[in-house]
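Below, chains carry the letters A, B, ... as their sequence lines are ordered, and counting in each starts from 1. This is a predicted model, so every value here is computed, not measured.
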Amino acid sequence: MELAALPPLPDPLVLLDTELVRTALLELGLLAVAGGLLGAWIVLRGLAFFAHAVGAATFPGLVAAEATGASPRLASLALAVACAGAVERGGRAGRAPGDVATGLLLVAALATGVVLASDVFESAAGAERLLFGTLIGLGGADLATSAAAAVLAIGATIMLGRSWTAVGFDPEAAPTLGIPVARADLLLLALIAVAAVAALPAVGALLVTSLYVVPAAVARLLTRSVRSLLLSSAAIAAVQGLGGLYVSLWLDVPPGPAIAVLGATAYALCAVGSALRPRPVAAPAGAIL
Amino acid sequence: MSAAVSAARASLGYGGEPVLTGLDFAAGTGTTVCVLGPNGGGKTTLFRALVGELRPLTGTVAVAGRPAYVAQTDRTRLDFPVTALDVALMGSLAGGRWWRPARGCDRQAAGRALERVGLADAAGVAFGELSGGQRQRVLIARALVQKAGVLLLDEPLGGVDPDSAQRISTLFAELRSEGRTLLVSTHDVESAHAFDLVLCLNRRQIAFAQPGEALTRSVIEETYGSELVVLSGGSDEPVRAIAVQHHEH
């Protein structure tokens with residue numbers, strides 16, 4: 001089989017002339033703020049797999065909504081928040097849901113979605129749109145949802161960032177600091193769920209992590225404070241979204257995979273770079289007395 | 001003298017299984033209590049109950065106000081991107097400010113607390129890059145910012161360099177003179193002599209008394225079992241002994 005010749009690179013300025021591209025750009029910019037900031041918390045608190053599962057969990061809801069004419073946003077929001085609640089309850093009862101339960105949830109959600117989709121859609125294109133996102137048909141409601149997610153992410157980071165950091169750093173002492181750990185964590189999980197729903201139209205149920213985990217994971221390799229992690233994570237998400245959008249338009253592929261591939265490449269390069277970089281020799285015990 | 005920390009006929013455990021029984025003690029405000037016992041003897045379990053993380057199976061445990069907890073620092077996330085100042089600043093979350101950003105006065109309080117533990121110069125250093133003793137002192141600084149009246153310290157002197165150990169001991173004396181109550185768990189029988197009270201635990205409360213009274217050969221032997229090397233002392237007189245600990249780390 002011979003690969004088709006690559007199409008010529010489009011002129012970015014010409015692309016900007018179209019309404020569709022401008023809308024997509026705005027959408028990805030808003031998602032970069034939400035995804036970059038929340039991604040930093042996802043990475044710091046070890047919630048990457050949860051973020052992935054919450055995205056996937058919305059897939060059967062999206063398919064069912066499509067079939068019944070219900071609002072896909074509400075259907076996916078209900079599933080995502082239910083998923084967050086289940087994880088928080090599991091954690092609070094002392095039995096962390098763990099990777100196995102999360103993995104099973106992921107598989108069940110995808111399988112249910114695919115089974116439903118085979119009845120609902122005439123072609124595979126519909127399911128592909130829900131899984132991998134699309135630039136076509138992004139509209140005012142999508143932008144409003146993403147703007148709300150971005151505003152919530154900024155507000156929560158300012159108000160709750162200290163508590164989330166303190167719990168992640170020293171979970172045993174956190175309650176003695178007066179932090180209601182269960183409530184603070186539920187707020188974080190719920191916010192991730194809401195923000196994942198906002199990202200669904202553009203990047204799809206399967207690739208929410210491309211905007212919500214990958215930029216923060218790259219930033220984590222490059223930064224040494226929570227503040228710089230937050231800022232650079234959002235910046236990397238924006239660059240990655242911009243690049244992904246361009247590749248998506250150039251090669252006529254869905255935006256989700258384009259963004260994900262760019263992000264994964266950036267992560268691999270940074271990981272190799274930081275592994276090769278000579279580390280400073282650790283200070284001996286009591287060096288700074 | 002009111003009790004700052006107390007237990008009454010309490011037993012503690014996990015999943016209904018008791019791992020520490022017969023707790024009955026009361027320590028007044030401004031006293032220092034050494035919690036002695038072998039690994040698995042129940043020291044950390046007692047602290048978990050005192051911070052409210054573990055509900056007693058029977059009886060009650062009580063702390064006046066909200067205590068500050070200084071866990072063994074290898075249980076914190078050493079790869080977390082926080083500086084010494086960031087950690088001290090976490091103390092200002094106490095007092096109902098958990099959902100609000102830090103204020104200027106919080107930062108000043110954190111800076112002063114670091115100065116107090118002798119780490120003003122290390123404020124910007126990543127927590128994970130500090131030595132074990134320095135990390136302990138940063139967590140004590142966090143407790144100072146928290147304005148806690150009761151401090152629970154889980155083996156603060158374990159694996160600490162001698163200079164840090166000296167600074168920490170001096171700090172304990174200062175905190176006591178300010179009227180704070182300290183519960184300090186340790187392996188070190190020798191260091192227990194410097195405290196007001198000693199609580200000996202080995203899956204049950206063996207003794208609770210002043211060091212001269214509690215640290216007898218029979219109590220220490222019962223507390224440590226075969227892990228003990230007795231250096232001197234008869235069965236009813238204050239003992240000098242070393243507990244041989246097998247660290248899991």
Do you know which of [options] has the most heavy-atom pairs with chain A at a distance under 4.5 angstrom?
options                                    : value
Pro162(B), Ala143(B), Ala126(B), Ala102(B) : Ala102(B)
Arg97(B), Gln146(B), Glu53(B), Met90(B)    : Met90(B)
Gly52(B), Gly96(B), Gly91(B), Ser92(B)     : Ser92(B)

What part of [X] lies closer than 4.5 angstrom to a heavy atom of chain A: side chain, backbone, both or neither?
X         : result
Thr83(B)  : neither
Asp86(B)  : neither
Ala148(B) : neither
Phe47(B)  : neither
Leu152(B) : neither
Arg100(B) : both
Val70(B)  : neither

Below 4.5 Å from any heavy atom of chain B, which atoms of [X] appear? Answer side chain, backbone, both or neither.
X         : answer
Ala184(A) : both
Arg220(A) : side chain
Thr223(A) : neither

What's the spacing between [X] [atom1] and [Y] [atom2] if we round to 0.5 Å?
X         : Y         : atom1 : atom2 : value
Phe127(B) : Asp170(A) : CZ    : CG    : 8.0 Å
Thr44(B)  : Glu172(A) : OG1   : CD    : 8.0 Å
Phe169(A) : Asp79(B)  : CZ    : CG    : 10.5 Å
Trp99(B)  : Arg183(A) : CH2   : CZ    : 11.5 Å

Pair Leu44(A)-Arg77(B), side chain to side chain contact (heavy atoms under 4.5 Å, CB included): steps then yes or no:
CA-CA 10 Å; Leu44(A) 280 179; Arg77(B) 290 267 310 271; 5.6 Å; no
Quick one: which residues of residues 173-180 of chain A reach chain B at under 4.5 angstrom, heavy atoms only?
Ala173(A), Pro175(A), Thr176(A), Leu177(A), Gly178(A), Ile179(A), Pro180(A)
Are there residues of residues 260-273 of chain A whose heavy atoms fall under 4.5 Å of chain B's heavy atoms? If so, which?
none
Go through the structure and list residues passing side-chain hydrogen bond (donor to acceptor under 3.5 Å, both in side chains) with Ser232(A), not counting sequence neighbours.
none
Within the structure provided, determine whether Ser163(A) and Leu93(B) are in side-chain contact (heavy-atom separation under 4.5 Å).
yes
Inspect the surroundings of CZ in Arg45(A) and state if more than 12 heavy atoms from other residues, nucleotides or ligands are less than 6.0 Å away.
yes
What pairs of residues pass the salt bridge (Lys or Arg N to Asp or Glu O under 4.0 Å) test when at least one of them lies in residues 144-167 of chain A, not counting sequence neighbours?
none
